[in-house]
Amino acid sequence: MPQEDLSKSYAPAEIEGRWRARWEEGGVFSPSLPAAGETYSIVIPPPTVTGNLHIGHAFNLTLQDLLCRHARQLGKTVLWVPGEDHAGIATQNVVERRLAAEGTSRHELGREAFVRRIWQWKEEYGENIRRQIKAMGASVDWSRERFTMDDGLSRAVRRVFARLYKEGLIYKGDYITNWCPRCHTALADDEVEHAPKRGTLWFIRYPLADGSGFVTIATTRPETIPGDSAVAVNPEDVRYQSLIGKTLLLPLLNRPIPLIADAYVDREFGTGALKVTPAHDHNDWKLGRKHHLEFIRAIDEDDRMTAAAGSFAGKNKMEARELILQGLTDLGLLQESRECEHNVGHCYRCKEVIEPRISTQWFVSVRPLAEKARAAVPGRAAIYPESWLKTYYNWLDNIRDWCISRQIWWGHRIPAWTCAACGELLVEEEAPAACPRCHSTDLNQEEDVLDTWFSSALWPFSTLGWPEKTAELKAFYPTSVLVTGFDILFFWVARMLMMGLHFMNDVPFREVYIHALVRDADGKKMSKSTGNVIDPLEMIAKYGADALRFTLTAFAAMGRDIKLAENRIEGYRHFINKIWNAARFTLLNLPAQEDPMPDMPLESIHGEAHAWILHRLEEIKTRAAAAVKEYRFNDLAQELYKFVWSEFCDWYLEMIKADMQAGGAAQAQARRALLAVMRETLLLLHPIIPFVTAEIWSALPRTAQDRRPDDITQAPYPAARPGCLRPETATRMEVIQSAIVAARTIRAELNIAPSAPLCAIIRPQDAPKAAILEANREMITRLARLGSLHLNPDAPAPKLSARQVAAGSEVIICLEGAIDPEAERARLDKELNKLAKERLMLQSKLANENYTQKAPADLVERDRLRVEEIITAENKLKTVRDKFNT
RNA sequence: GGGCAGUUAGCUCAGCGGUAGAGCACCGCCUUCACACGGCGGGGGCCACAGGUUCAAAUCCUGUACUGCCCACCA
């Protein structure tokens, strides 16, 4: 690309589009198998097909892409599998809402038409999501894209279900479950969110059957009274001991129920007497089982009272509550009511209040699976940050059987059939033709579908082709790392470990990196249902994908949530622009592409600035690689930011400008060094910001022998160049920079025009410093804008002059006439104050014998030297200040 | 009720034993031939509070106070 085309400021849209197309059409991220050498793989946490990607996805994608691109640079064969999740309940809800808006419903459409409708929806939104993943620059392999309900994955689901059933790890039965009356389905325990809710605690009298009085119970849910089958008290409770075993009459219904004793009951709460409703409360259900109580379903799946509720039958449960309370009041059985706050379960998809309800469901016996999953971490699968280990263990240790059936239509229909003729239950991977027992062909498949997370749990191996023995599976399982948010640690991560270990006999991933959640301005979790989402596409349109990616990377500190504000993205766009302009400068100063550039070993380049920047580059290479390996993404971003902006642009480019004009050997060296540093810096940046680096890379000229690929995605990580690692250059550079800064500070603080050349005297501290300064006289003169420079430890200072103490030298600027002595004196006072403060701090430290004796000797020595330095500086400045006093 | 984070410059956050840093914002000066999405310089913090360990504590320990999150069956 011709140089003239590099515009003054970076315009991402066109460039991103071009590279995206090139990468996609070239299939550059599709690894060919069998893989040569080491492999690296990631399966994408599949976004749901229901909606748009939010900023959390953008974050998740950025980190994975960074890891994948880096792994490619290290020469590994990399596979990043993309895909989407069918998200049963969520998707069904969305489509149902749309149907409602159209004035129809899924029931009107019927199951088949409804599911067809969702498939259409999926095609539409799947494309949307693909577009967004592409917009982020994610280097996924689209040729291996999967969907949780595609044929292959559906088969994997059936295989797993059938096998677990035959192994006795899946069973069907009547249990208390979490019922969402709105989604009309059972939910797993972890799909219920508990939130405190203000309510009323009613104290209700249950008369004793023998007419000898009452037992008063406390409840927040009077509508469940028709479902009561006992009242329970603590056996130790003296108030009730004499009544245990007696019969009570259920108010309004006059049904006799026993008064039972159980240690579960808390004597302190309410009246110490608990009404037991086994069919509508998890704890009561346990009590019911233990004491063989009746299970009375008082509320149906639509939140209406059942026939068991007598005259309340057919009423909505909230209406029934009012009627029951009224009835109790009329009978004088409502003793009192109090305000109270209690935890109420809500559906994690629609936020509706959960009704515990007994129903027939399918369950996975997770204990045996959980034990294996527990044992595998952190030995076989490591979790980062480690703080999540405890949470992970705690969950597995307290795990209950997993309810996997859902009473919805969108999802994997359970592969179980009941024989209409003999009632035999058949569970098979493929639909059986006839009942093996009675040979009837009249078989009815289960209506229920599986929990979405059931198929998600198989994702790492199902996407690679299981149950077929594919080349992908062989090459890429276990995957290298799973990158995800902690919100789905239980839903997904733990279950993948269970299934992976059970069916593949190996962990699904070697490492898990748990990243923070991107929250909104108030620190609230972003979610589609809350509507507080930020659209990454909008950010990309405004600032470019690279700016967004860099921002997210810079924020990715372990174990900390991200509160993202748009102006941060804007800030990092400036950084992208800075890189762009550094590249423009580079191109302006390099020969055109077709001119062969002289090759010379970089180790042989001895210019002060070149040696220094090459040395720093070596350090950065090492540090950047380590940061990626250890998932310290924020360190990576910060390190590169500082290097590029503060060192490469602010100092190095300024320093070499003269060389670039000089021609000859100086220019040749500068060109060679600049090109090398630019190119390798691009490689270091590329995993974070692929587009701008690709564009610049392709525009850079090459040396005669250069055989590097045109496309930066194909280029390896910059090799270490030990010969360029020269720590002494950093020390030397500090002396130079410090002198320049001193002169600039004087200029700025004394309001000397930037264009006015300064007459400067620099007094080096010692001979080595003098040599360094002397060797870089031209550079110092230029960067500090000096008119003249006298380098001499003993040079006399003119009467009217300003001084600044630098590292390794003292800088004196002549102020013949034009300068306000008041200003200089004030400046000197300020400087003296600063020095005195530091000196006092150090001196008091050194006065402490404990310190001088116990602290490391080099530290003490360093402090002593510093004090000496300060005293010398103070004396010098004082002398000058005194002159101004006269 | 249990567990886990966080509390550092106006804002967002790094630092996690040697006496405080970044970005943005702010204040000067500058249309210097890569970049005003810029350059140069500057101001700003008893590092939540109270104890303790240590020669030395944002940094380690123990409490306290807020804030947020996760888990848990308190009717």
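Just so we're on the same page: letters track the sequence lines, and every chain starts at 1.
If you take atom P in B:U12 and the same atom in B:C16, they sit 22 Å apart, rounded to whole Å. B:C4 and B:C37 are spaced 40 Å apart, taking the C1' atom of each and rounding to whole Å. For the P atoms, the distance from B:U32 to B:G43 is 26 Å, rounded to whole Å. Spacing of C1' atoms, B:G17 relative to B:A56, comes out at 8 Å, to the nearest Å. The P atoms of B:A72 and B:G3 are separated by 15 Å, rounded to the nearest whole Å. Rounded to whole Å, the P atom of B:U59 lies 8 Å from the corresponding atom of B:A48. Comparing the same atom, P, in B:G52 and in B:C11 gives a spacing of 31 Å after rounding to whole Å. Rounded to a whole angstrom, the distance from the P atom of B:C24 to that of B:U62 is 39 Å.
In this structure, A:Lys390 does not reach the B:G2 phosphate: none of its side-chain N or O atoms is under 4.0 Å from OP1 or OP2. Between A:Trp388 and the phosphate of B:C71, there is no side-chain N or O to OP1/OP2 separation shorter than 4.0 Å. For B:G38, the OP1/OP2 oxygens have a side-chain nitrogen or oxygen of A:His574 closer than 4.0 Å. Side-chain nitrogen and oxygen atoms of A:Lys642 include none within less than 4.0 Å of the OP1 or OP2 phosphate oxygen of B:G21.
For A:Arg744 and A:Trp651, the positive end sits near the middle of the six-membered ring, less than 6.0 Å away and at most 45° from its axis. For the pair A:Arg374 and A:Tyr393, the cation-pi criterion (under 6.0 Å, within 45° of the ring axis) is fulfilled.
Checking B:G44 for Watson-Crick or G-U wobble geometry (two distances, each under 3.5 Å) identifies no partner in any strand. Of all nucleotides present, only B:C61 satisfies the Watson-Crick or G-U wobble test against B:G51, with each distance under 3.5 Å. The pairing partner recorded for B:G38 is B:C30, the criterion being a Watson-Crick or G-U wobble arrangement whose two distances lie under 3.5 angstrom. Remark: B:A22 base-pairs with B:U12; criterion is Watson-Crick or G-U wobble with both hydrogen-bond distances under 3.5 Å. The partner of B:G1 is B:C71, by the rule that a Watson-Crick or G-U pair needs both atom distances under 3.5 Å. Nucleotide B:C66 forms a pair with B:G6, judged by Watson-Crick or G-U wobble geometry with both contacts under 3.5 Å.
Of the candidates B:C35, B:C55, B:G23, the closest approach to any side-chain atom of A:Arg568 belongs to B:G23. Of the candidates B:G41, B:G18, B:A72, the closest approach to any side-chain atom of A:Glu749 belongs to B:G41. The side chain of A:Gln638 has B:A14 as its nearest neighbour among B:C71, B:A14, B:C69. Comparing atom distances between the A:Val741 side chain and each of B:U12, B:G18, B:G41 picks out B:G41 as nearest. For A:Leu588, whose side chain is taken as the heavy atoms from C-beta onward, the closest listed nucleotide among B:A34, B:U12, B:C35 is B:A34. Listed nucleotides B:C55, B:C73, B:C35 differ in distance to A:Lys286; the shortest reach to its side chain belongs to B:C73. Each of B:G18, B:G41, B:G39 was ranked by its minimum atom distance to the side chain of A:Ala855; first place goes to B:G18. Taking only side-chain atoms of A:Pro754, from C-beta outward, the nucleotide of B:C30, B:C74, B:A34 with the closest atom is B:C30. The side chain of A:Tyr851 has B:C55 as its nearest neighbour among B:A34, B:C55, B:C73.
When each of A:Gly571 and A:Thr271 is assigned the nucleotide of RNA chain B with its nearest heavy atom, A:Gly571 is the one assigned upstream, toward the 5' end. The 5' end of RNA chain B is approached more closely, in terms of each residue's nearest nucleotide, by A:Ala554 than by the other of A:Ala554 and A:Lys845.
Residues A:Glu849 and A:Lys854 are not paired through a salt bridge, judged by the lack of any N-O separation under 4.0 Å between the basic side chain and the carboxylate. Residues A:Glu838 and A:Arg866 are paired through a salt bridge, judged by an N-O separation under 4.0 Å between the basic side chain and the carboxylate.
Contact annotation: the side chain of A:Val644 approaches that of A:Phe575 to within less than 4.5 Å [non-hydrogen atoms, C-beta and beyond]. Contact check for A:Phe203 versus A:Ile217: no side-chain heavy atoms found under the 4.5 Å cut-off. The side-chain heavy atoms of A:Asp487 and A:Leu489, taken from C-beta on, include no pair separated by under 4.5 Å. Side-chain contact between A:Val231 and A:Ile260 is absent, with no heavy atoms from C-beta onward closer than 4.5 Å.
Atoms CZ (A:Phe648) and P (B:G39) sit 14 Å apart, rounded to a whole Å. Summarising the geometry, the separation between NE2 on A:His282 and C1' on B:A72 is reported as 13 Å, rounded to the nearest angstrom. Atom CZ in A:Phe575 sits roughly 15 Å away from atom C1' in B:C24 (whole-Å rounding). Rounded to an integer number of Å, the gap from CZ of A:Arg573 to P of B:C37 is 8 Å. A:Asn848 has its CG atom 7 Å from the P atom of B:A56, to the nearest Å. Rounded to an integer number of Å, the gap from A:Met841 CE to B:U19 C1' is 6 Å. Rounded to whole Å, atom P of B:C71 lies 14 Å from atom CD1 of A:Ile488. If you take CG of A:Asn178 and P of B:A72, they are 11 Å apart, rounded to a whole angstrom.
Residue contacts shown for A:Glu268 are absent, as no nucleic acid heavy atom lies under 4.0 Å away. Counting any heavy atom pair closer than 4.0 Å across all strands shown, A:Tyr264 reaches a base atom. Heavy atoms of A:Arg785 sit under 4.0 angstrom from at least one base atom. The residue A:Trp202 sits apart from the nucleic acid: no heavy atom pair falls under 4.0 Å. Counting non-hydrogen atoms under 4.0 angstrom, A:Thr220 reaches the backbone sugars and phosphates but no base. Note on A:His342: only backbone sugar-phosphate atoms sit closer than 4.0 angstrom, heavy atoms only; bases stay farther off. Counting any heavy atom pair closer than 4.0 Å across all strands shown, A:Asp650 reaches sugar-phosphate atoms only and no base atom. Residue-level contact check: A:Asp266 touches the bases, meaning some heavy atom is under 4.0 Å from a base atom. Contact annotation for A:Arg744: backbone-only contact, meaning every heavy-atom pair under 4.0 Å involves sugar-phosphate atoms and none involves a base.
Ring geometry for A:Tyr572 versus A:Phe550: interplanar angle of 30 to 60°, hence tilted.
When each of A:His282, A:His346, A:Arg357 is tested with A:Asn178 by the rule side chain to side chain donor-acceptor pair (under 3.5 Å), just one qualifies, namely A:His282.
In B:A58 the base sits syn relative to the sugar, since the glycosidic angle is no further than 90° from 0.
No hydrogens or angles were tested; on distance alone, nothing pairs the side chain of A:Thr391 with the base of B:C70 as donor and acceptor under 3.5 Å.
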